[in-house]
Amino acid sequence: MAPVAGRSTGAVAVGVSILVSLALTYLFHDRHAKKMKKTKSNNGVVDAIGNTPLIRINSLSDATGCQILAKCEFLNPGGSVKDRVALQIIQEALESGQLRRGGIVTEGSAGSTAISIATVAPAFGCKTHVVIPDDAAVEKSQILEALGATVERVRPVSITHKDHFVNIARRRASQANQFAIALKNRNSQFNAKEDTERINGYESDGYNHTSVFPHDCQGGFFADQFENLANFRAHYEGTGPEIWEQTNGKLDAFVAAAGTGGTVAGVSRFLQEKNPNIKCFLVDPPGSGLFNKVTRGVMYTKEEAEGRRLKNPFDTITEGIGINRITRNFAMAKLDGAFRGTDREAVEMARFLLKNDGLFLGSSSAMNCVGAVRVAQAIGPGHTIVTILCDSGMRHLSKFYNAEYLSELGLTPKATGLEFLGIK
């Protein structure tokens, strides 16, 4: 009977093994199904936004002894991290009634946010009107026009000037609302009370804006990426949780540059709420006052009144990062320190990563990678550091990847390795 007992024991073992395997398979598929349910494509292009890969940058990791990981935001459908912001802003505006189908979303942007809005807005039946500084890479304007956006290129001036590109965009939203009211008044019979009807919170001033807005305009909404906290929420509710999940909560530091401040604020606040030991840092380009604000508590030197210094648009060749005021979004950040990056470091980093990792990155992405190396040097080997690859180099061909342009600025890349960051 012993052999029978042995066969019986073996059968039980096999049965248990099968049950365990089935249980593990069920758990895996259950988790996978839940994730797929969350990201199931049923809402068009907007469902492709977010859940971007987190990759190891091999060359920087090997050189520093840290695991340097990067979120590939250039893989969003609009080509940048700003897709998250555009989606959050538009969804919240529609839900609140500040924007409706047929309305025009206006924004003042150096390029990426505007491109993202122009990508997302049509999915909600809306149009885009963009005001962009004329020193931004020309291909960004070309992309916007190809996406069907109305584009105004204006000269760069201080944010305090009424004709700063952001302030013009704000006016365009108001004018679109005024135009919609005037249009409605012409097409309908109104009594005196109805003539004061408000559209999207604005009253008509009777001005004729027919040369700017389409005849089916349903009002305007100013996206206000710098001060609209939907920007922060996009990263607090999306990017931050994704990084936490993709690293299984095992990271030591996060670093990114700031323009509006939404990314660094949303991610840093989420990660430090999950684990206060995670260190979060800013990397700041030339011409920006945020490095001083984070490290010394003041935006400028004692000779300069805080908040009043005018940023020279030629202080840096990087686009979309650096600012000389504290936005509502940046004010939400929880930072442990900051590093100053240079244009040369960004240029050299971009070429180094293209040569060694096949990563073709834009200027802000390159600056973020400079920041990642600086953090690695500061905290030492054996740590995991995460940063953001905001967009690719495709939008930077006319400036950041233009050899003649860089030569005129004395920024022709010369490095053979990472010696520009002190790594031999």
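For Asp391, there are no salt bridge (charged side-chain N to carboxylate O under 4.0 Å, His left out) partners two or more places apart in sequence or in a different chain. Shown here are the ring pair (Phe, Tyr, Trp, His ring centres under 6.0 Å) partners of Phe281, two or more places apart in sequence or in another chain: Phe339. Arg171 meets the salt bridge (charged side-chain N to carboxylate O under 4.0 Å, His left out) test with Asp163; sequence neighbours excluded. Residues meeting the side-chain contact (heavy atoms from CB on, under 4.5 Å) test with Thr342, sequence neighbours left out: Arg344, Glu345. Legend: residues meeting side-chain hydrogen bond (donor to acceptor under 3.5 Å, both in side chains) with Glu273, ordered by chain and number and at least two apart, are Tyr236. Applying the side-chain contact (heavy atoms from CB on, under 4.5 Å) criterion to Glu404, with sequence neighbours excluded, gives Asn402, Glu408. Take Glu92 and apply the side-chain contact (heavy atoms from CB on, under 4.5 Å) test, not counting sequence neighbours, and it matches Gln88, Ala230, Arg233. Evaluation of the salt bridge (charged side-chain N to carboxylate O under 4.0 Å, His left out) rule for Arg269 yields no partner, not counting sequence neighbours. In this view, Asp62 and Arg56 satisfy the salt bridge (charged side-chain N to carboxylate O under 4.0 Å, His left out) rule, not counting sequence neighbours.
The CD1 atom of Ile117 lies 11.0 Å from the CG atom of Leu87; values are rounded to the nearest 0.5 Å. In this structure, CG in Leu54 is found 11.5 Å from OG1 in Thr239, a value given to the nearest 0.5 Å. With rounding to the nearest 0.5 angstrom, the NZ atom of Lys82 is 13.5 Å from the CD1 atom of Ile49. The distance from the CD1 atom of Ile243 to the CG atom of Leu69 is 9.5 Å, given to the nearest 0.5 Å. Distance check: Asn275 CG to Leu251 CG gives 8.0 Å after rounding to the nearest 0.5 Å. Note that the NZ atom of Lys293 and the CZ atom of Arg325 stand 14.0 Å from one another [nearest 0.5 Å].
Checked for salt-bridge contact, Glu152 and Arg172 meet the test: a charged N lies under 4.0 Å from a carboxylate O. Checked for salt-bridge contact, Asp134 and Arg155 miss the test: no charged N lies under 4.0 Å from a carboxylate O.
Inter-residue side-chain proximity for Leu144 and Thr128 is flagged as unmet; no heavy-atom pair is nearer than 4.5 Å. Between Leu282 and Phe330 the shortest side-chain heavy-atom distance falls below 4.5 Å. For the pair Ser288/Ile321, no side-chain contact is recorded, criterion being any heavy-atom separation below 4.5 Å from C-beta on. Using a 4.5 Å heavy-atom cutoff, the side chains of Asp252 and Asn277 are not in contact. For the pair Phe420/Leu418, a side-chain contact is recorded, criterion being any heavy-atom separation below 4.5 Å from C-beta on. Glu348 is not listed as a side-chain neighbour of Leu421, based on a closest heavy-atom distance of 4.5 Å or more. Within the 4.5 Å cutoff, the side chain of Val166 has heavy atoms near those of the Phe222 side chain. The closest side-chain heavy-atom distance from Thr64 to Ile385 is not below 4.5 Å.
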Inset, instruction - Would you check, one step at a time, whether the test side chain to side chain contact (heavy atoms under 4.5 Å, CB included) holds for Arg84 with Thr263? - result: CA-CA 10 Å; Arg84 298 176 183 266; Thr263 303; over 6 Å; no

Inset, instruction - Apply side chain to side chain donor-acceptor pair (under 3.5 Å) to the pair Thr52 and Lys71, showing each step before the final yes or no. - result: CA-CA 7 Å; Thr52 53; Lys71 202 92 163 79; 2.9 Å; yes

Legend entry - Residues Thr260, Val85; criterion side chain to side chain contact (heavy atoms under 4.5 Å, CB included); working and verdict: CA-CA 11 Å; Thr260 65; Val85 178; over 6 Å; no

Legend entry - side chain to side chain contact (heavy atoms under 4.5 Å, CB included) evaluation trace for Val294 with Asp284: CA-CA 10 Å; Val294 173; Asp284 209 30; over 6 Å; no

Legend entry - Candidate pair Val375 and Val283, rule side chain to side chain contact (heavy atoms under 4.5 Å, CB included), full reasoning: CA-CA 9 Å; Val375 172; Val283 58; over 6 Å; no

Legend entry - Stepwise side chain to side chain donor-acceptor pair (under 3.5 Å) test for Ser109 and Glu107: CA-CA 6 Å; Ser109 167; Glu107 184 57 294; over 6 Å; no

Inset, instruction - Might you work through the side chain to side chain donor-acceptor pair (under 3.5 Å) test for Ser174 and Gln178, ending with a clear yes or no? - result: CA-CA 6 Å; Ser174 177; Gln178 294 160 4; 3.0 Å; yes

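With hydrogens and angles ignored, the 3.5 Å screen pairs a side-chain donor or acceptor of Asn324 with a backbone N or O of Gly287. When atom types are taken as modelled, the side chain of Asn76 and the backbone of Glu73 share a donor-acceptor pair closer than 3.5 angstrom. In this structure a side-chain-to-backbone donor-acceptor pair under 3.5 Å is missing from Arg328 to Phe226. Judged purely by atom type and a 3.5 angstrom limit, Glu139 uses its side chain to pair as donor or acceptor with the backbone of Ser398. Checking side-chain atoms of Lys399 against main-chain N and O of Asp135 turns up a donor-acceptor pair under 3.5 Å. Counting only distance, with no hydrogens or angles, the side chain of Arg340 and the backbone of Pro285 share a donor-acceptor pair below 3.5 Å. Looking only at distances, a side-chain donor or acceptor of Asn368 sits under 3.5 Å from a matching main-chain atom of Ala257. For the pair Ser268 (side chain) and Lys334 (backbone), a donor-acceptor distance under 3.5 Å is present. At distances below 3.5 Å, at least one donor-acceptor pair connects side-chain atoms of Thr106 with backbone N or O atoms of Ala169. Put simply, the side chain of Gln218 never gets that close to the backbone of Ala180: no donor and acceptor are under 3.5 Å apart.
Ring pair Trp244/Phe270 is perpendicular by interplanar angle, where above 60° counts as perpendicular and below 30° as parallel.
Pairs passing the ring pair (Phe, Tyr, Trp, His ring centres under 6.0 Å) check and including a residue from residues 359-391, sequence neighbours excluded, read Phe360-Tyr401. The ring pair (Phe, Tyr, Trp, His ring centres under 6.0 Å) contacts involving residues 68-107 comprise nothing, where partners must be two or more places apart or lie in separate chains. A side chain to side chain donor-acceptor pair (under 3.5 Å) check over residues 350-367, counting only residues at least two apart or in different chains, returns the pairs Ser59-Asp357.
Considering all non-hydrogen atoms of both residues, Arg100 and Cys126 come closest at O-SG, 3.7 Å. The shortest heavy-atom contact between Val130 and Ala149 is CG2-CB, 4.5 Å. Smallest separation of non-hydrogen atoms from Pro241 and Gly238: CD-O, 3.3 Å.
Tested against Gln225 for a side chain to side chain donor-acceptor pair (under 3.5 Å), the candidates Thr113, Asn329, Asn231 yield a single pass: Thr113.
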